[in-house]
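Comments concern the structure below.
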Amino acid sequence: MKKQLLLILFILLSPLITIAQKVFSVDYENQADVKVFVVKYENQADLNVFKVKYENQAGDNDGKWFFVNYSNQAKKKIFFVNYENQADLKIYFVDYENQAGWKNKSKIHLMY
């Protein structure tokens, strides 16, 4: 009985415990939580982003993003803008996981 109760609590609370940086790219700007611009050079970015292959590899606001298939699975909905001055956040996609992270910590609140 005790194990069943713990299992039920775990199932109910697991969505609250999950803090992975799961993002969804929306089609329209007004659907987004954050507007993002991809810069050409790493030194222009606020955040270096590494796209992970699996959901369980995603980080907790550390630049390791997992792109989900549906908006209701995402922690943040993002919209990729065409111009830098339209963006809330400038990102640079890196090739290696250890390169991911914040360059401009003043914008860290955008992804919480």
Side-chain angles (χ1 to χ4, degrees):
M1 180 69 180
K2 204 178 227 186
K3 287 183 183 180
Q4 291 174 337
L5 181 61
L6 287 175
L7 179 62
I8 291 170
L9 281 174
F10 178 75
I11 291 170
L12 292 175
L13 295 176
S14 62
L16 301 175
I17 296 169
T18 305
I19 52 174
Q21 201 67 37
K22 297 183 284 187
V23 296
F24 180 76
S25 178
V26 295
D27 294 326
Y28 302 102
E29 185 176 348
N30 64 345
Q31 297 172 325
D33 298 319
V34 181
K35 294 179 281 186
V36 175
F37 180 75
V38 180
V39 295
K40 291 183 182 179
Y41 304 103
E42 185 176 355
N43 64 348
Q44 298 172 323
D46 298 318
L47 174 64
N48 287 346
V49 174
F50 179 74
K51 292 186 341 186
V52 296
K53 292 181 181 179
Y54 304 102
E55 186 175 346
N56 65 346
Q57 295 173 323
D60 176 29
N61 202 4
D62 61 359
K64 297 173 193 165
W65 287 5
F66 179 75
F67 284 85
V68 295
N69 294 322
Y70 303 101
S71 65
N72 65 343
Q73 298 172 327
K75 182 172 181 182
K76 286 291 177 180
K77 291 176 257 183
I78 61 172
F79 178 75
F80 289 99
V81 295
N82 294 321
Y83 302 101
E84 185 175 346
N85 64 348
Q86 297 172 321
D88 300 320
L89 181 66
K90 295 180 282 183
I91 66 169
Y92 180 79
F93 286 105
V94 294
D95 297 323
Y96 302 101
E97 186 176 353
N98 65 346
Q99 295 174 318
W102 286 96
K103 308 281 252 164
N104 182 354
K105 298 236 180 198
S106 70
K107 298 210 176 179
I108 198 167
H109 68 278
L110 293 172
M111 296 306 291
Y112 273 117

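One is the number of the first residue; the rest follow in order along the sequence.
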**Report entry** SB check Lys107 Asp46 (cutoff 4.0 Å)
**Finding:** yes
Query raised in the report: How is the hydrophobic cluster of Tyr96 composed, in terms of its other members, when Ile, Leu, Val, Met, Phe, Trp and Tyr link through side-chain heavy atoms under 4.5 Å apart, directly or indirectly?
Result: none
Report task. Assign the ring pair Phe93 / Trp65 to parallel, tilted or perpendicular, where the plane angle (0 to 90°) is split at 30° and 60°. Result -> perpendicular
Query raised in the report: In the hydrophobic cluster built from side-chain contacts under 4.5 Å, what are the other members alongside Val39?
Result: Phe24, Val26, Phe37, Phe50, Val52, Phe66, Val68, Phe79, Val81, Tyr92, Val94
Requested in this report: Please check if any side-chain donor atom of Asp62 sits under 3.5 Å from a side-chain acceptor atom of Gln21, or the reverse.
Outcome: no
Report task. Taking all non-hydrogen atoms of both residues into account, name the closest pair between Asn61 and Met111 and its distance. Result -> OD1-CB, 3.2 Å
Report summary line: One should read off an interatomic distance between Leu89 CG and Lys76 NZ, to the nearest 0.5 angstrom, of 11.0 Å
Query raised in the report: What pair of heavy atoms forms the shortest contact from Ile78 to Phe67, and how long is it?
Result: CD1-CE2, 3.9 Å
Report task. Calculate, to the nearest 0.5 Å, the distance between atoms CD and CZ belonging to Glu29 and Phe80 respectively. Result -> 13.5 Å
Report summary line: By side chain to side chain donor-acceptor pair (under 3.5 Å), Gln57 pairs with (sequence neighbours left out) none
Query raised in the report: Is the shortest heavy-atom distance from the side chain of Val34 to the side chain of Val36 under 4.5 Å?
Result: yes
Query - Tyr54 atom OH, over 12 foreign heavy atoms within 6.0 Å - result: no
Report summary line: The side chain to side chain contact (heavy atoms under 4.5 Å, CB included) partner of Lys90 among Lys103, Gln44, Glu84 is Glu84
